[in-house]
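Below is one structure; the comments refer to it alone.
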Amino acid sequence: MTVDAAGTWIEGPLGQPLRKALGTRTANALAKLGLETVGDLVDHVPRRYDEPGRLTDLRSLQVGEHVTVLARVRSASMTRMRSRAGAMLHAVVTDGAGELDLTFFAKGQGGLRHHEHQLAAGRTGLFTGTVSVYRGRRQLTHPQYQVFGLDTGVDEAEAALEDASRPIPIYPAGASVPSWQIHKAVQTVLGPLREDDVPDPLPLALRERRHLSTRLEALRDVHLPAADEDWRRGRRRLRFEEAFVLQTALAQRRAAVAREPATARPLRATGTPSLLADFDAALPFELTDGQRAVGEQLARDLAADRPMQRLLQGEVGSGKTVVALRAMLQVVDAGGQAALLAPTEVLAAQHARSLRTLLGPLAEGGLLGGAEHGTQVALLTGSLGAAARKQALLDAASGAAGIVVGTHALLGEHVQFADLGLVVVDEQHRFGVEQRDALRAKGDRQAHVLVMTATPIPRTVAMTVFGDLETSTLTEVPAGRSGVVTHAVPASNPKWVARTWQRVREEVDAGHRAYVVAPRIHPDDATPGGRADQAAALAETDDVLEFLAEPDDGGERAPLRAVLEVVDELRATPALVGVPVGMLHGQLPPADKERAMADFASGRTPVLVSTTVVEVGVDVAEATVMVVLDADRFGISQLHQLRGRVGRGSAPGLCLLVSDAEPGTPARERLDALASTPDGFELARRDLELRREGDVLGAAQSGRASSLRLLRVLTDAELIADARTEATAVVEQDPDLLTYPALAAAIAERLDPEREEFLERA
Ligand code: ADP
Ligand code: MG
């Protein structure tokens, strides 16, 4: 076996073109599935397995049963059908004791010639199908069958019998090649392979310790199982391998960054004036235990001279921002700068505003009346006016601004920092490895990086999607919150809908605020506005990331509610007479967006009709009601985020999910799940369960990126965690995998730039 510069196997049986191994015709058909080499073909593993038909004698056949029978053809005859156009082949088979009919239909007799030829009287064969009854006689319609030649020996018949009792592999197939043909092809190429021909990415010691079979054994198990336990064992071993290869790549990334030097930003000694100490003293609440513990972890990370690479994930409203802020202040205290990246302008502006408020005079460093050890907060977004932008850029470059808040515009190359020490990425579902790298590389030396997810994600998803980071988790929300009660409201019930607006009125009268979220902006928008609006919101951040995976249940339905239309409706709703209604969506000019948020926060417009731009992070303590129209159009984590916008103060929150989704539909299941639990981690788990396998890593998983398709982050959670432990150990001992050529080659081959896309998209 040989490896070329790109790490691909260029010799050996696995690299052999299928044309050579199977002939041009079969190879051409398989090429349509993207299978070019023997290696491709053996990696094309069955999607599932059908049970073999139970071998039965003809007298005891039960109607409805899926059976395989061994029998001899007594007669076969072709007839033209009288009742409808077409032809029929009728055969009778017998096992000496009983009889059974076989019937085949076709448009014309030509379509039946093949069967007629195969089912010559006197021939013996195996027939598989489901038993039905026609005119009192039991029959199989279009059975699968395999007949033996007239000269078939006893051995061959017995082998066929044994074959018939095996699980039947069902392959991902196409119109050009049916599953059984793939199976035959795999059998042909797998037969002659020896252990040496199939490099195994799993180190020998690990395989022995975990009692795992070799790669070749695993391939035989999944392609040619004699029993169910075989393919289960083989599949498990291949999944472990897949997780292990991925985790090794991620461990290498972690190790590579950890080798880079970073500037240590230790805490100031107690007693010395510091922004952090002042900030803590001014904080109007106690930190939760979780916030304290994670805070200590971050403080340690930042004090080290290697770059922090950490993911902070947590429940919506668990107070991640404060934790991040404290880390930023530690860095500023140590003489460095911190950058805070938000996914939208609305959020960036809010962060800058609340930072300045929280820091008070501390945020007026260098200004008259500002604290001496204070600093400045600069806001840098794509839509700033030229002068403001120039000033912000200047403050970042001179170091006058210790904290720079922005959207992804901050990633722009022209943005310079005097001494960037920490980058915090807030509220991102998806923030690729590449972007993390770009950020880290902003300074002369590597900056510390903290990534915060918007919603809770299951542990093994974090390990996979954010596998290059270490993880900290906040599970509790601060005490004293009354929480959010969630109800599904049927849109077709006018009484309930009227009651919804009545509730909004009551909250407004009590001095609270209400969000009303709709999926579209314009009523005549062809595209569902949620996504378009997200795109608009993100376009302004210079970097459109695929942010949302909106579920689409398809089918005909009433037009989606639109912000512009709902605003008018609410203004005319009797229950809301005299209540000012504001409006917010991604297509508004930035100044209007700011004003809409400010007016809502201040209570000038206590009702805000909006698209999902309020989805993440928006923090208005007085907001108590969240009404989501066409709620079934949103995903679970999105809805969980949305309801996280209310019940943030001491008054209890109410979330009303208005939808016409029928009970029992998947859409309705999502809403019911939300109503049933406030626990974001539990919801994230259910969300994954409700989705199709593979969606976890993005829809772009093509059929051929076979390795990730198998990996099921929930059911294989333990396996992924084990693989991560093993991979970390291997990389610690041999970072460049010099003693593991097969593993290095598997990483290069399976995670080449194209396939590594999932990391970038993550
Ligand atoms: P998220 O984790 O969703 O980003 P935030 O950081 O936005 O949560 O915090 C939500 C709200 O809770 C904010 O208004 C914040 O000031 C407040 N908060 C944070 N920590 C605490 C705490 N320990 N006690 C009380 N309120 C807190
Ligand atoms: Mg937040």
Side-chain angles (χ1 to χ4, degrees), residues 276 279-296 298 310-329 340-360 403 405-407 424-429 431 450-457 462 471-484 512-513 515 547 597 600-601 612-624 626 637-653 655 678-681 683-684:
L276 181 55
F279 176 79
D280 282 347
L283 211 55
F285 46 71
E286 289 276 301
L287 293 178
T288 63
D289 290 346
Q291 283 173 319
R292 212 180 299 277
V294 173
E296 280 163 18
L298 295 184
R310 191 165 286 278
L311 170 72
L312 172 55
Q313 67 146 328
E315 184 56 271
V316 175
S318 59
K320 296 182 286 285
T321 312
V322 174
V323 173
L325 208 51
R326 295 184 69 251
M328 290 164 74
L329 293 177
L340 173 60
L341 247 85
T344 62
E345 294 217 338
V346 169
L347 210 49
Q350 174 191 289
H351 276 321
R353 205 167 33 236
S354 62
L355 271 170
R356 290 182 183 130
T357 315
L358 274 166
L359 293 174
I403 296 178
V405 184
T407 54
V424 177
V425 183
D426 189 21
E427 307 286 13
Q428 265 302 359
H429 296 274
F431 194 75
L450 177 66
V451 176
M452 301 197 280
T453 58
T455 44
I457 49 179
T471 307
S472 296
T473 306
L474 288 176
T475 48
E476 50 179 337
V477 294
R481 297 238 180 107
S482 323
V484 183
H512 302 144
R513 323 250 190 285
Y515 295 99
F547 193 66
M597 268 325 289
F600 181 65
T612 51
V613 288
V614 299
E615 179 192 349
V616 289
V618 170
D619 191 20
V620 175
E622 293 82 4
T624 51
M626 168 64 66
S637 70
Q638 236 184 329
L639 291 170
H640 185 60
Q641 260 298 328
L642 282 170
R643 75 170 165 185
R645 302 305 106 215
V646 298
R648 308 198 126 216
S650 52
C655 174
D679 182 342
F681 285 94
L683 282 173

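Note that these values count all heavy atoms, side chains included, but never hydrogens, waters or copies made by symmetry. Order of appearance sets the numbers: ligands from 1, and atoms from 1 within every ligand. All values derive from a computational prediction rather than experimental measurement.
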E476 atom CD, over 12 foreign heavy atoms within 6.0 Å: yes

R645 N/O under 3.5 Å from ligand 1 N/O: no

Sub-4.0 Å heavy-atom contact, A621 with ligand 1: no

Any side-chain heavy-atom pair of L359 and L329 under 4.5 Å: yes

Heavy-atom check, side chain of V424 versus side chain of M452, under 4.5 Å: yes

Polar proximity ligand 1 side, V316 side, N/O cut 3.5 Å exclusive: no

Ligand 1 versus L287: contacting region, heavy-atom distance under 4.0 Å: backbone

Ligand 1 to G317 polar contact by distance, N or O atoms, under 3.5 Å: yes

Best match, A479, P478, A324: closest heavy atom to atom 24 (N) of ligand 1: P478

Min side-chain heavy-atom separation L287-R326 under 4.5 Å: yes

Which segment of E286 sits under 4.0 Å of ligand 1 when only heavy atoms are counted: backbone

Minimum heavy-atom distance between G644 and V316, given as atom pair plus value: CA-CG1, 3.5 Å

